Amino acid sequence: MSSARSSAIAAINNYQSQGKAWSFRETPTSEIFGSNVFNASVMKDRLPKSVYKALQATIKQGKQIDSGIADAVALAMKDWAIEKGATHYAHVFYPLTGLTAEKHDSFLMPTGDGDAIAEFSGNELIQGEPDASSFPSGGLRATFEARGYTAWDPTSPAYILDNPNGTTLCIPTAFCSWTGEALDKKTPLLRSMQAIDKQARRVLELFGHKDVGQVSASAGPEQEYFLIDRNFYFARPDLVVTGRTLFGARPPKGQEFEDQYFGAIPERVLACMLDAERELYKLGVPVKTRHNEVAPGQYEIAPVYENANIATDHQHMIMQTLTRVAQKYGMACLLHEKPFAGINGSGKHVNWSVGWKLGNLLEPGESPHANAQFLVFCAAVIRAVHLHSDVLRAVVAASGNDHRLGANEAPPAIISIFLGEQLSDVFEQIENGKATSSKASGTLTVGVDTLPPLPKHAGDRNRTSPFAFTGNKFEFRAVGASQSIAGPLVALNTIVAESLDHIANELEKATGGDLEKLNAALEKLLQKTISEHKAVIFNGNGYSKEWHDEAASRGLPNLRATPEALQVLISQKNLKLFEKYGVLSEREMRSRYEIYMERYCKDINAEGQAALSIARTMILPAGYRYQGELVDIAVKLTSIGKTVHIGTLDKLTVLVGSIEEKIASLEKVLEHSGSTDVAAEAKHFHDRVLPAMSALREVADQLETIVPDDLWPLPSYREMLFIK
């Protein structure tokens with residue numbers, strides 16, 4: 001075995017955890033949860049009553065922040081953080097890289113007499129000034145135009161991030177340019193939440209509700225990820241550089257035995273999970289679920305639902321925490337959508353809903369057919385997804401997700417809605433005249449006397465649907481594991497806001513504000529909406545060829561790859577949509593198109609260059625060495641008059657020659673000088689570079705199956721996926 005691989009396995013055999021042994025018996029999770037968060041309880045204890053009330057009005061009611069309270073908040077926040085051991089504060093923001101960014105500043109200020117004091121003003125809380133020139137801006141800012149601002153987001157609580165050598169006060173912020181244009185993920189998310197709040201309140205007021213208050217979108221993302229030993233990770237240049245394996249023959253066993261899913265969690269992995277959960281509890285992240293996923297070495301963590309803005313911030317914390325804590329246990333956390341070919345990739349199912357002070361607006365209740373308010377909001381979502389399915393496809397478009405969408409682990413690139421038997425029946429009744437009944441949920445009898453009767457849902461689930469109703473929310477299953485959930489949430493909030501705006505306009509015209517006319521107006525509106533937009537509803541097998549053919553006949557777009565999916569962002573329909581609701585201006589939309597297309601090109605280019613390097617310097621030399629050994633053996637056998645069987649040598653010679661040819665082909669397409677047209681450049685990488693990489697991999701993976709184990713330089717799938 002190669003030295004890198006043997007050293008990795010030896011290190012795993014001798015592994016000792018660097019993580020601390022926590023005792024939840026001594027310190028229950030209820031005492032840990034939120035202990036590092038400047039939450040409402042801490043604010044109430046530390047802020048003047050008037051300041052606390054003003055800040056809560058902003059957080060809970062969406063009222064504009066009074067900048068006059070900033071000094072009091074900053075003082076309380078600083079004192080609390082210092083008591084927690086903080087020496088620095090950081091404005092945390094989410095640039096268009098999709099990652100988390102932060103700028104750290106010390107609390108200490110020299111006094112001029114050789115001493116220093118801890119200071120933190122309201123101005124420092126409200127606004128920071130990081131360099132904006134080196135973040136992707138898609139033409140919004142030139143490199144020489146460096147000024148950017150971080151702006152305190154009071155609706156997302158500040159928190160303390162622990163480090164072995166100290167702690168840092170982290171303040172969630174928005175990030176914009178000197179011109180006020182959004183350079184981040186949070187700003188358009190907050191704008192989209194304002195949009196859906198405004199339009200949802202209009203609809204609720206038409207139902208006769210007074211003092212509606214704030215309507216908020218909520219989210220609960222399920223994060224899938226892989227864990228492999230770090231020794232294997234560092235012995236795989238492709239994983240280090242690109243996040244996925246560019247080479248690797250299928251192991252004798254993959255996931256076909258179906259023994260990984262919900263199986264017993266390996267001890268080392270569970271220890272890592274427990275440590276990560278503890279860190280997340282301290283940060284107020286309400287993680288609820290952990291389990292083995294379908295593929296070997298794959299796992300999932302999921303929080304409960306919360307405000308969409310906070311859920312987005314928490315999702316970034318989850319990714320950071322998993323990556324950081326995994327290192328303590330000698331593992332690498334892989335968040336790429338398809339780190340291993342031939343087995344399931346990783347998604348991030350975003351459960352989305354919308355609610356107000358009286359509850360969830362997508363809760364159907366016991367009798368959905370009689371719940372007019374629910375039916376209106378559900379119909380608004382159906383209409384939104386039908387009219388703007390292209391947008392939903394675009395916001396999950398990325399090079400990594402292209403490997404996953406449409407495979408037998410993820411929904412297809414065709415965006416459709418699964419409603420289930422109960423709601424499909426209700427809406428069919430509405431279309432045909434009037435809904436008078438709802439299918440009952442019932443009870444499930446297992447046939448074992450000692451087991452209790454189980455409540456049975458009114459309909460089954462559909463794992464092939466990209467956008468499925470799951471009881472009181474919609475699950476957007478097409479989001480990739482490495483992606484920020486901000487983009488999908490911005491799209492969902494905006495397109496549903498547009499539908500609610502349309503519904504409010506129609507009802508206002510039909511009723512003139514007269515509640516007595518509401519029922520008749522609702523019947524007509526719902527009937528018309530379902531009749532016009534039922535094409536997006538599909539409860540069948542989304543993987544089947546028949547569905548692809550039927551979807552085309554229904555007029556549903558099938559944007560298979562990122563370059564064509566991203567094009568829709570700059571269509572006039574979508575430019576006007578996001579501008580109308582104040583979510584993204586045309587310049588901001590076009591900038592995102594440029595950034596995401598350029599990122600696609602950079603991703604594929606990095607993968608192509610990494611594949612070239614590995615093939616030239618690791619795989620091809622292994623083939624040459626084995627070729628040399630076989631030739632030596634053949635010569636020696638011939639010299640003593642023995643029969644020489646050269647079948648393996650012949651096969652090896654063909655493969656080595658083919659690899660040389662494939663390397664030359666990949667090298668040629670990567671020498672492409674580039675185009676000023678980003679769409680043409682992306683098309684080149686999709687049409688020319690990806691196929692050349694695939695052709696090289698196919699031959700290299702065949703070579704792996706015949707080269708002796710001690711000569712093969714890369715950790716195998718068998719080792720990475722099964723050795724823990």
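Note that the structure is predicted; figures quoted are calculated from it, not measured. Start at 1 with the first residue, then count along the sequence.
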Checking [X] now: which residues fulfil side-chain contact (heavy atoms from CB on, under 4.5 Å) with it, not counting sequence neighbours?
X	result
Q609	N605, L612, L670
S177	R141, T179, E181, L183
K683	D687
D650	I646

State the [atom1]-[atom2] distance between [X] and [Y], to the nearest 0.5 angstrom.
X	Y	atom1	atom2	answer
D229	L721	CG	CG	12.5 Å
D549	K545	CG	NZ	3.5 Å
E222	R477	CD	CZ	8.5 Å
R230	Y329	CZ	OH	14.0 Å
L714	M720	CG	CE	8.0 Å
H336	S399	NE2	OG	5.5 Å

Apply side-chain contact (heavy atoms from CB on, under 4.5 Å) to H686 and Y600, showing your working.
CA-CA 9 Å; H686 178 269; Y600 177 83; 3.4 Å; yes
Does [X] use its side chain to pair, donor to acceptor, with the backbone of [Y] at less than 3.5 Å?
X	Y	answer
R599	L96	no
S665	E661	yes
D238	L246	yes
R393	A478	no
R268	G330	yes
E719	F232	no
K724	L227	yes
T705	Q702	yes
N539	F418	no
K348	I485	no

Atom [atom1] of [X] with >12 non-hydrogen neighbours under 6.0 angstrom:
X	atom1	result
K636	NZ	no
E671	CD	yes
R590	CZ	yes
E256	CD	yes
R688	CZ	no

Using a 4.5 Å cut-off on heavy atoms from C-beta on, say whether the side chain of [Y] contacts that of [X].
X	Y	answer
P466	I414	no
D701	F247	yes
E660	L620	yes
L322	I318	yes
L637	H645	no
F467	L492	yes
F578	E586	no
L556	H386	yes

If only side-chain N and O atoms count, and only distance matters, is there a donor-acceptor pair under 3.5 Å linking S482 with E337?
yes
Do you see a donor-acceptor pair shorter than 3.5 Å between the side chains of S346 and Q298?
yes
Please report the shortest heavy-atom distance between [X] and [Y], naming the atom on each side.
X	Y	value
A398	Q483	CB-NE2, 3.7 Å
F226	P296	CE2-O, 3.5 Å
A491	V395	CB-CG1, 3.9 Å
W712	A622	CE3-CB, 4.3 Å
T464	G542	OG1-N, 2.8 Å
L334	P339	CD1-CB, 4.0 Å

Suppose we screen for salt bridge (charged side-chain N to carboxylate O under 4.0 Å, His left out). Which residues come up paired with R554, at least two apart in sequence or across chains?
E550
If you apply the rule side-chain contact (heavy atoms from CB on, under 4.5 Å), what do you find for H388 with D390, and how did you get there?
CA-CA 5 Å; H388 305 292; D390 58 341; 4.3 Å; yes
Pairs where residues 626-635 contributes a residue and the test side chain to side chain donor-acceptor pair (under 3.5 Å) is met, not counting sequence neighbours
Q627-T653
Thinking salt bridges, do R404 and E224 make one under a 4.0 Å N-O criterion?
no
Strictly below 4.0 Å, N to O, side chains only: are E598 and K602 in salt-bridge contact?
yes
Going through the distances and angles, do F476 and V396 end up as a side-chain contact (heavy atoms from CB on, under 4.5 Å)?
CA-CA 10 Å; F476 189 18; V396 298; 3.8 Å; yes
Could you go through E588 and R592, starting from their C-alpha distance and side-chain angles, then the distance that decides it, and tell me whether this counts as salt bridge (charged side-chain N to carboxylate O under 4.0 Å, His left out)?
CA-CA 6 Å; E588 289 170 327; R592 279 150 178 77; 5.5 Å; no
Taking the six-membered ring for Trp, are F262 and H291 parallel (under 30°), tilted (30 to 60°) or perpendicular (over 60°)?
parallel
Using 30° and 60° as the class boundaries, would you call the ring planes of F135 and F93 parallel, tilted or perpendicular?
perpendicular
So, for Y717 and F340, is the gap between ring centers shorter than 6.0 Å?
yes
Test log, rule side-chain contact (heavy atoms from CB on, under 4.5 Å), inputs K662 and R697
CA-CA 9 Å; K662 305 303 182 189; R697 176 176 188 152; over 6 Å; no
Assess the residue pair R244 and E607 against the criterion (salt bridge (charged side-chain N to carboxylate O under 4.0 Å, His left out)); give the C-alpha distance rounded to whole Å, side-chain angles, the decisive distance to 0.1 Å, and a yes or no.
CA-CA 9 Å; R244 75 179 182 100; E607 290 182 354; 2.9 Å; yes
Test side chain to side chain contact (heavy atoms under 4.5 Å, CB included), reference T562, set I604, D603, D402, L405, output is D402
